[in-house]
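Read the numbers this way: they start at 1 and go in the same order the structure lists the ligands and their atoms.
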Amino acid sequence: MTVPDLATTQRAFLFADPAAHSLSPRMHGAAFTHAGLPGTYEARRVPTGALASAVAGLRAPGVLGANLSLPHKEAVVPLLDSLSDAARAVGAVNTVIHRDGQLHGENTDAPGLLAALRDAGLPDLGPGEPVVILGAGGAARAAAFVALRDMRARAWIVNRTLDRARALAAEFRPHGEVQAAAPDDVPWADTPLVINASSAGLNDPEQAPLDASFLARLPAGALVYDMVYKPAETRLMREARALGLNAENGLGMLAHQARLAFTAWTGADVPVRVFLDALGEEAGSGSVAGRTP
Ligand code: ATR
């Protein structure tokens, strides 16, 4: 595998639908500048029917790869030549890396989440310590991968629709200890980490994924990590902070997934601060809701 010729302009893309409100061009633009590389990053609106031809275009010389966002993260999988372990387990690719006409699928949402949790001060967990995941959709799959494969935690999946949580738990059981649970059955008092991977709070800031009474049962110092980053403080975060708990939004995950994609494309290790600064004020405010992955 040859290293891309970074002396000439190299191109990276986002394929999504919609794509106009993406914050990724800002982050990657800042990263190319910081690294002193003549690269470009362009967000393209790619409808579902155009995905295969857009992905085929990534095999051209001078293309580093692409990010995939809604609705393409799963659909892109059969169009690629190889997949990372995380992409295969999560069942979703957010980063395609092009080398010599070959396309490799990576998932940087999962390691991006792990890095953001570390930045938020999460200490190393003991094996089998509980981690609660709220939600059972695509975002919850990345959280389950991190909880089981990276943290060796015991994952409790709590979802409005319990059957969906059960299906996710069954699928991830080969990766570790995981079970679906109703809120009353979770060992909250022993839980150092709750990840909101549901879309509650995304379009209505006053909406929380479940009744907030569980927050009072968490131990002191527990971290409530919300993958929503717009609004910058969700109701869940506000209520957690009011109880003295540690709460963070999804901006860190957004920045880290971009940083990891940039390194995979270019080999350049740009500090996460560059990506966070590029997100700036715009990220947490404004009218368009946002959530990672
Ligand atoms: P994604 O793939 O982006 O995670 P998704 O598959 O639509 O999106 O999943 C959204 C998740 O948020 C689901 O777990 C959903 O719960 P259901 O399975 O019961 O639909 C959860 N969710 C969305 N709105 C919610 C709300 N108001 N309260 C609680 N959970 C909510």
Looking only at protein heavy atoms, identify the closest one to [atom] and say how far it is in Å.
atom                    : answer
atom 13 (C) of ligand 1 : Arg164 NH1, 3.5 Å
atom 25 (C) of ligand 1 : Arg160 NH1, 3.3 Å
atom 12 (O) of ligand 1 : Ser199 N, 3.0 Å
atom 14 (O) of ligand 1 : Asn159 OD1, 2.7 Å

Give the atom numbers and elements of ligand 1 that come within less than 4.0 Å of a heavy atom of [X].
X      : answer
Arg291 : 1 (P), 3 (O), 4 (O), 8 (O)
Gln207 : 27 (N)
Thr161 : 17 (P), 18 (O), 19 (O)
Ala136 : 14 (O)

Exercise. Taking both backbone and side-chain atoms of Ser198, is any N or O found less than 3.5 Å from an N or O belonging to ligand 1?
Worked result: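 N/O-N/O distance below 3.5 Å does not exist for this pair.
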
Problem set entry | Side-chain heavy-atom pair Val178, Ile133 within 4.5 angstrom cut-off |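 Not in contact.
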
Exercise. Is there side-chain contact between Leu193 and Met151, with at least one heavy-atom pair below 4.5 Å?
Worked result: yes

Exercise. Is ligand 1 less than 4.0 angstrom away from at least one heavy atom of Arg141?
Worked result: no

Exercise. Is the closest heavy atom of Ala140 to ligand 1 under 4.0 Å?
Worked result: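 In this structure, Ala140 fails to qualify as a contact of ligand 1 - no heavy atom is under 4.0 Å.
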
Problem set entry | Option whose closest heavy atom lies nearest to atom 4 (O) of ligand 1, chosen from Gly135, Ala92, Gly138, Pro209 | Gly138

Problem set entry | Donor-acceptor pair between Glu233 and Asn249 side chains, under 3.5 angstrom |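 Side chains of Glu233 and Asn249: no pair found under 3.5 Å.
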
For this session: Measure from the ring center of Phe145 to the ring center of Phe172 and say whether it is less than 6.0 Å.
Result: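 That pair fails the under 6.0 Å test.
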
Problem set entry | Aromatic centroids of His98 and Trp265 separated by under 6.0 Å |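 So the answer is no for these two rings.
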
Problem set entry | salt bridge (Lys or Arg N to Asp or Glu O under 4.0 Å) evaluation trace for Asp124 with Arg118 | CA-CA 9 Å; Asp124 284 341; Arg118 297 271 182 255; 3.6 Å; yes

Exercise. Once you round to the nearest 0.5 Å, how far does CZ of Arg259 lie from CE of Met27?
Worked result: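 Rounded to the nearest 0.5 Å, the CZ-CE separation comes to 12.0 Å.
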
Problem set entry | Carboxylate-amine/guanidinium proximity below 4.0 Å for Arg44 and Glu42 | yes

Problem set entry | Qualifying residue, where the test is side chain to side chain contact (heavy atoms under 4.5 Å, CB included) with His256 and the options are Leu113, Leu276, Val272 | Val272

Exercise. Nearest protein heavy atom to atom 7 (O) of ligand 1: under 4.0 Å?
Worked result: no

